[in-house]
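These notes are about the structure you will find just below.
In the text below, chain A, chain B and the rest are named by the order of the sequence lines, each starting its count at 1. Keep in mind that this is a model prediction, so the values were computed, not measured.
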There are 2 protein chains.
Amino acid sequence: MALLALYPEEWLSSKIIASSLNINAVLVRKEIAVLKSGDLIESKEGKNGGVRLHKSAKKIYLSDIFKLVKGKDNVLSFSSNEPNPACRVGKKINKNLTSIMNTIDSSIINELKKQTLEEFKNKF
Amino acid sequence: MALLALYPEEWLSSKIIASSLNINAVLVRKEIAVLKSGDLIESKEGKNGGVRLHKSAKKIYLSDIFKLVKGKDNVLSFSSNEPNPACRVGKKINKNLTSIMNTIDSSIINELKKQTLEEFKNKF
DNA sequence: TGTACTGTAATAAAAATTAATACAGTTAAA
DNA sequence: TTTAACTGTATTAATTTTTATTACAGTACA
């Protein structure tokens with residue numbers, strides 16, 4: 001997103017973005033789908049296609065990006081194993097943790113609301 | 001920790017704790033080492049040994065537990081791949097993200113300071 | 001009509017996590 | 001005083017998750 005913000009007029013290809021991140025271009029294209037679903041970016045198929053911001057970096061808060069990328073999961077997550085339902089703690093732990101995890105996610109989002117992509121971009 | 005707080009007088013074995021979490025007892029013993037390093041719990045070797053809280057649950061904040069368990073890493077983390085140093089963004093991204101990640105960790109800690117283990121325990 | 005893209009699926013490889021095994025050392029109690 | 005039940009820790013195996021690769025249909029430009 002910082003890269004897109006630096007070159008807002010250009011259609012940047014997934015290959016170029018992948019080479020900045022040093023990851024596979026297919027992963028980039030998958031994340032493009034996520035960011036498009038929140039209207040933060042737009043994409044163009046075909047030759048000379050690519051992606052660019054869909055709105056001004058001044059109107060994109062880091063929290064907007066975070067919310068999309070995090071999806072519906074919490075940042076902190078449960079053990080992949082089901083806790084023991086026969087245990088007084090195991091029986092209720094996930095419910096009790098959910099409440100804490102939601103609170104944590106909210107506090108992260110509030111923190112990230114304080115910075116726009118434009119401000120972040122200017123650090124490069 | 002909720003389990004230990006519910007039975008503060010008893011030495012609970014790693015096996016018992018593992019069966020509540022439904023994970024391997026060796027993993028529990030490894031985490032015991034971490035929690036001991038912060039003086040939150042104490043352990044006793046030998047027959048009828050186990051672990052218990054080292055201080056009142058009223059004096060343990062969820063943030064104390066979180067800080068130990070999280071260790072020196074940030075909750076959010078970098079890509080395991082080095083970003084491209086030849087890229088204007090890749091060159092600086094990790095430094096710029098570090099600052100955000102530290103802020104996020106702080107805000108989580110501040111949130112978790114609001115609740116003691118005693119209060120959490122009472123939800124079970 | 002060829003080239004350079006996105007979008008997406010399927011599979012393979014790599015990395016990280018978790019489990020299992022083993023065993024030395026400690027303590028309590030039979 | 002010997003056995004049983006623990007912690008502590010290391011090593012290796014199994015599993016799960018993440019990331020990379022390959023493939024290909026569809027789109028747009030030149």
Side-chain angles (χ1 to χ4, degrees), chain A residues 1 3-4 7 9-54 68-84 90 93-94, chain B residues 1 3-4 7 9-54 68-84 90 93-94:
Chain A
M1 291 298 280
L3 198 58
L4 299 190
Y7 306 101
E9 305 302 321
E10 299 183 34
W11 294 100
L12 298 180
S13 74
S14 61
K15 193 175 170 189
I16 283 287
I17 297 169
S19 94
S20 168
L21 296 166
N22 192 21
I23 64 172
N24 194 280
V26 174
L27 278 186
V28 172
R29 297 208 285 267
K30 279 186 180 153
E31 213 56 26
I32 281 172
V34 173
L35 294 163
K36 273 179 72 172
S37 78
D39 281 325
L40 298 188
I41 65 180
E42 58 185 337
S43 64
K44 191 175 76 165
E45 296 191 3
K47 189 164 180 183
N48 299 331
V51 297
R52 65 180 185 190
L53 295 185
H54 186 56
L68 281 171
V69 170
K70 125 178 154 67
K72 70 172 251 192
D73 292 339
N74 287 111
V75 168
L76 265 36
S77 60
F78 297 141
S79 166
S80 49
N81 299 4
E82 283 294 319
N84 187 347
I93 189 70
N94 282 359
Chain B
M1 291 296 281
L3 198 58
L4 299 189
Y7 306 102
E9 304 302 319
E10 298 184 35
W11 294 100
L12 298 180
S13 73
S14 60
K15 194 177 169 187
I16 285 286
I17 298 169
S19 93
S20 167
L21 295 166
N22 192 21
I23 63 170
N24 194 280
V26 174
L27 277 188
V28 173
R29 297 207 284 272
K30 279 186 181 154
E31 212 57 25
I32 283 171
V34 173
L35 294 162
K36 274 180 72 173
S37 78
D39 281 326
L40 298 188
I41 65 180
E42 59 185 337
S43 65
K44 190 174 75 164
E45 296 190 2
K47 191 166 178 178
N48 300 329
V51 297
R52 66 180 184 191
L53 294 186
H54 187 55
L68 281 171
V69 170
K70 125 178 152 66
K72 71 172 251 192
D73 293 339
N74 286 111
V75 168
L76 266 35
S77 59
F78 297 142
S79 167
S80 50
N81 298 4
E82 285 294 321
N84 186 346
I93 188 70
N94 281 358

Filtered N/O pairs between nucleotides 25-28 of chain C and protein, under 3.5 Å:
residue	atom	partner	partner atom	Å
dT26(C)	O4'	Glu45(B)	OE1	3.0
dT26(C)	O2	Gly46(B)	N	3.2
dT27(C)	O2	Lys47(B)	N	2.9

From CA spacing to verdict: side chain to side chain contact (heavy atoms under 4.5 Å, CB included), Leu4(B), Leu40(B): CA-CA 11 Å; Leu4(B) 299 189; Leu40(B) 298 188; over 6 Å; no

Using residues 20-35 of chain B as the side-chain source, report each donor-acceptor pair under 3.5 Å to any protein atom, sequence neighbours left out, with the distance given to one decimal.
residue	atom	partner	partner atom	Å
Asn22(B)	ND2	Glu82(A)	O	3.0
Asn24(B)	OD1	Val26(B)	N	2.9
Arg29(B)	NH1	Ser14(B)	OG	3.1

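Heavy-atom distances under 4.0 Å link DNA chain C to no residue of residues 34-42 of chain B.
Rounded to whole Å, the distance from CH2 on Trp11(A) to P on dC29(D) is 10 Å. Summarising the geometry, the separation between CG on Leu21(A) and C1' on dT18(D) is reported as 15 Å, rounded to the nearest angstrom. What separates CD of Glu31(A) from P of dG7(C) is a distance of 13 Å, to the nearest Å. To the nearest angstrom, P of dT6(C) lies 10 Å from CD1 of Ile16(A). Atom-to-atom, CD of Glu10(B) to P of dC6(D) comes out at 13 Å; the value is rounded to the nearest Å.
In this structure, Arg52(A) and Glu42(A) have side chains that are in contact, with non-hydrogen atoms separated by less than 4.5 Å.
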Base versus backbone protein contacts along nucleotides 12-23 of chain C [heavy-atom cut-off under 4.0 Å; B, S, -]: ------SSBBB-

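Phosphate contact (OP1/OP2 of dC6(D), side-chain N/O of Ser14(B), threshold under 4.0 Å): absent.
The side-chain hydrogen bond (donor to acceptor under 3.5 Å, both in side chains) test applied to Asn74(B) returns Asn102(B), Asp105(B), not counting sequence neighbours. In terms of the side-chain contact (heavy atoms from CB on, under 4.5 Å) criterion, Glu45(B) has no residue partners (sequence neighbours excluded). Looking at residues two or more places apart in sequence or on another chain, you find no side-chain contact (heavy atoms from CB on, under 4.5 Å) involving Asn48(B). The side-chain hydrogen bond (donor to acceptor under 3.5 Å, both in side chains) test applied to Asp39(A) returns no partner, not counting sequence neighbours. In this structure, the side-chain contact (heavy atoms from CB on, under 4.5 Å) partners of Ser13(B), at least two apart in sequence or on a different chain, are Lys15(B), Ile16(B). The side-chain hydrogen bond (donor to acceptor under 3.5 Å, both in side chains) search around Lys44(B) returns none, not counting sequence neighbours.
Atom CG of Asn84(B) and atom CD1 of Ile17(A) lie 13.5 Å apart (nearest 0.5 Å).
The two atoms that bring Gly38(A) and Leu68(A) nearest to each other are CA-CD1, 3.6 Å, heavy atoms only.
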